[in-house]
2 protein chains.
Amino acid sequence: MKEMNAKEQMEIYLQSHKIESLFNEEILPYLSLYEFDKGQQICSQGEAVENLYILVKGKVKIFTTSEEGKTLILSFKTPLEVIGDIEYVQEIDTINTVEAVSPVVMIGVRQSVLRRFLKDHSPFLQFLLRIITRKFYIKSQFMRHNILYPVETRLASYLVSVAYDENETLVNGNVSVSNLTDIANLIGTSYRHLNRVIKEFCKNGLVERNKGSIVIKDLEGLKSLAKENLYE
Amino acid sequence: MKEMNAKEQMEIYLQSHKIESLFNEEILPYLSLYEFDKGQQICSQGEAVENLYILVKGKVKIFTTSEEGKTLILSFKTPLEVIGDIEYVQEIDTINTVEAVSPVVMIGVRQSVLRRFLKDHSPFLQFLLRIITRKFYIKSQFMRHNILYPVETRLASYLVSVAYDENETLVNGNVSVSNLTDIANLIGTSYRHLNRVIKEFCKNGLVERNKGSIVIKDLEGLKSLAKENLYE
DNA sequence: TTTCAAAAAGGACATATGTCCTAAATTTTA
DNA sequence: TAAAATTTAGGACATATGTCCTTTTTGAAA
């Protein structure tokens, strides 16, 4: 992790995400930029929280680990997102571990500073409300899907969601699947079973394997298997 | 559903839950009291939302239904709780169905009224933040538990949670289990399987059956089976 | 290039959980 | 009280999913 104090760079991030209005003049000197390398942990389940972070660049993975060491990936997040908001409001320790899966830039600010300057600043409160309710809704749908439907449905749903990149344009068939283990943990199943289902999808002509990556052959077929569109 | 305008009654609810400060003078005339009978629906998945409700008396059940008609109970809620907050902030249709499981009283207010009077009223915003982050946290733990652990663990966890009533005092062994189907839907399994696990619990001396109700025989045993304390 | 570690793929088997049915017990309604 | 509907309980079987291993492939490091 690298902490920076580049005022200009901060300006650029604030403007590009249109979040200048969240803050007031007094708090600006207390905002810092943090850079994390791929693989670095931003915060770790169970530990005390000091900062609230706003993700302005890169991608993070949020996951939880059970006593037995099982991992469950809860989500991947890209800007604009907030890390540590629940903990800030509830005054509790870190709920889930957050890890950079690409080079990441965050705006960080201490909880004590927030309490001092933004406790009654309604643009900031409204911002948090919007971010958190969105998170809640997504988690709600994700959970519903995960409990109500079998792995087959969940995988189809996942593939449909990554078939489109961030710009909503269809990524030409070839879905670069970073890591099957991650997918297994994301859809809440074992690696073994995931493989079994992928094999089934191949047999039915929905996808093809190609050196570790998966090529979507029948997007419509996947969509109908996915039942509900998890990612809007 | 019965809509009332009893000013005095309203006062009592506002004071007993210490939520007078959420509102300002202008909005008070727009607050209404609603009564729902046991079994009545407060709102229904997919339909448009008009009101935001504050649950001040009684108990509600929040659930979702899949295309195939499977039901998943997400939670039971008692005061103080808010219904329709996510929908209000996100401006979306009702996410889950809410049903009274006892006679219920709610304070209701139209979204349009809220937008007019409380959009920048920070006590209200802070209140929503606290309520929603709490919900988020609970849902988070619930989901984690549900995906990571087998039914056995989830049932033990549920039984431990109902062994204590709202006052944190141990309800003397005899847990009045309203309805096994509800439990099955709450812990996300089938009625059949729930029964199987209960039988197993009986065999191991953890609980006993007694005309439909379940008597806890070994609370400590259940606690250790439950692994993590879901309900704090 | 060689070596090594990680990731992919899947066989064999065990276990958890679901579906469908039937019968008894219990509660609700007429 | 009688009849109907709901809830309980569990048998029999099918299916989904998990665990443990082995082999192969791939990509990174020496």
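So you know, we letter chains A, B, ... as the sequences are listed, proteins then strands, and number each from 1. The figures here come from the full heavy-atom set of this structure, side chains too, leaving out hydrogens, waters and symmetry mates.
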Expected list for residues 80-93 of chain B: side-chain donor-acceptor pairs under 3.5 angstrom, two or more places apart:
{"residue": "B:E81", "atom": "OE1", "partner": "B:R134", "partner atom": "NH2", "Å": "2.8"}
{"residue": "B:D85", "atom": "OD1", "partner": "B:K135", "partner atom": "NZ", "Å": "2.8"}
{"residue": "B:D85", "atom": "OD2", "partner": "B:K135", "partner atom": "NZ", "Å": "2.9"}
{"residue": "B:E87", "atom": "OE2", "partner": "B:I95", "partner atom": "N", "Å": "3.0"}
{"residue": "B:Q90", "atom": "NE2", "partner": "A:R130", "partner atom": "O", "Å": "3.1"}
{"residue": "B:Q90", "atom": "NE2", "partner": "A:T133", "partner atom": "OG1", "Å": "2.8"}

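- Contacts classified as salt bridge (Lys or Arg N to Asp or Glu O under 4.0 Å) and involving residues 183-202 of chain B (residues at least two apart or in different chains) are given here: B:E200-B:K203.
- Each of B:L52, B:V56, B:L55 was evaluated against B:I107; a single residue qualifies, B:V56, per the side chain to side chain contact (heavy atoms under 4.5 Å, CB included) test.
- Residue A:R209 contributes atom CZ, which lies 14 Å from atom C1' of D:dT26 at whole-angstrom precision.
- Contacts of B:E99 classified as side chain to side chain contact (heavy atoms under 4.5 Å, CB included), with partners at least two apart in sequence or in another chain: B:Q41, B:K61, B:F63.
- Rounded to a whole Å, the CG atom of B:N195 is 19 Å from the P atom of D:dT6.
- For the pair B:L180 CG and C:dT27 C1', the interatomic distance rounds to 15 Å; values are reported in whole Å.
- When the C1' atoms of four end pairs are superposed on the next four at each end of the helix from C:dT1-D:dA30 to C:dA30-D:dT1, using five pairs per end, the two resulting axes differ in direction by 50°, to 10°.
- With sequence neighbours left out, B:Q45 forms a side chain to side chain contact (heavy atoms under 4.5 Å, CB included) with A:R144, B:T64, B:T65, B:T97.
- Rounding to the nearest 0.5 Å places CG of B:L206 at 13.5 Å from NZ of B:K223.
- Atom NZ of B:K203 and atom P of D:dG10 are 12 Å apart (whole Å).
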Taking only N/O atoms, report every protein-nucleotides 16-26 of chain C pair under 3.5 Å with atom names and distance.
{"residue": "C:dT17", "atom": "OP1", "partner": "B:V151", "partner atom": "N", "Å": "3.4"}
{"residue": "C:dT17", "atom": "OP2", "partner": "B:V151", "partner atom": "N", "Å": "3.4"}
{"residue": "C:dT17", "atom": "OP2", "partner": "B:H193", "partner atom": "NE2", "Å": "3.1"}
{"residue": "C:dG18", "atom": "OP2", "partner": "B:T189", "partner atom": "OG1", "Å": "2.4"}
{"residue": "C:dG18", "atom": "OP2", "partner": "B:S190", "partner atom": "N", "Å": "3.0"}
{"residue": "C:dG18", "atom": "OP2", "partner": "B:S190", "partner atom": "OG", "Å": "3.1"}
{"residue": "C:dG18", "atom": "N7", "partner": "B:R196", "partner atom": "NH2", "Å": "2.9"}
{"residue": "C:dG18", "atom": "O6", "partner": "B:R196", "partner atom": "NH1", "Å": "2.9"}
{"residue": "C:dG18", "atom": "O6", "partner": "B:R196", "partner atom": "NH2", "Å": "3.2"}

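- Annotation for A:K139: atom NZ counts as buried by contact number, over 12 foreign heavy atoms lying within 6.0 Å.
- Distance B:D182 CG to D:dT6 C1': 13 Å, rounded to the nearest Å.
- Ring-plane geometry between B:H17 and B:Y13 is classed as parallel, the angle between the planes falling under 30 degrees on a 0 to 90 degree scale with a further cut at 60.
- With rounding to whole Å, A:K199 atom NZ is found 11 Å from C:dA9 atom P.
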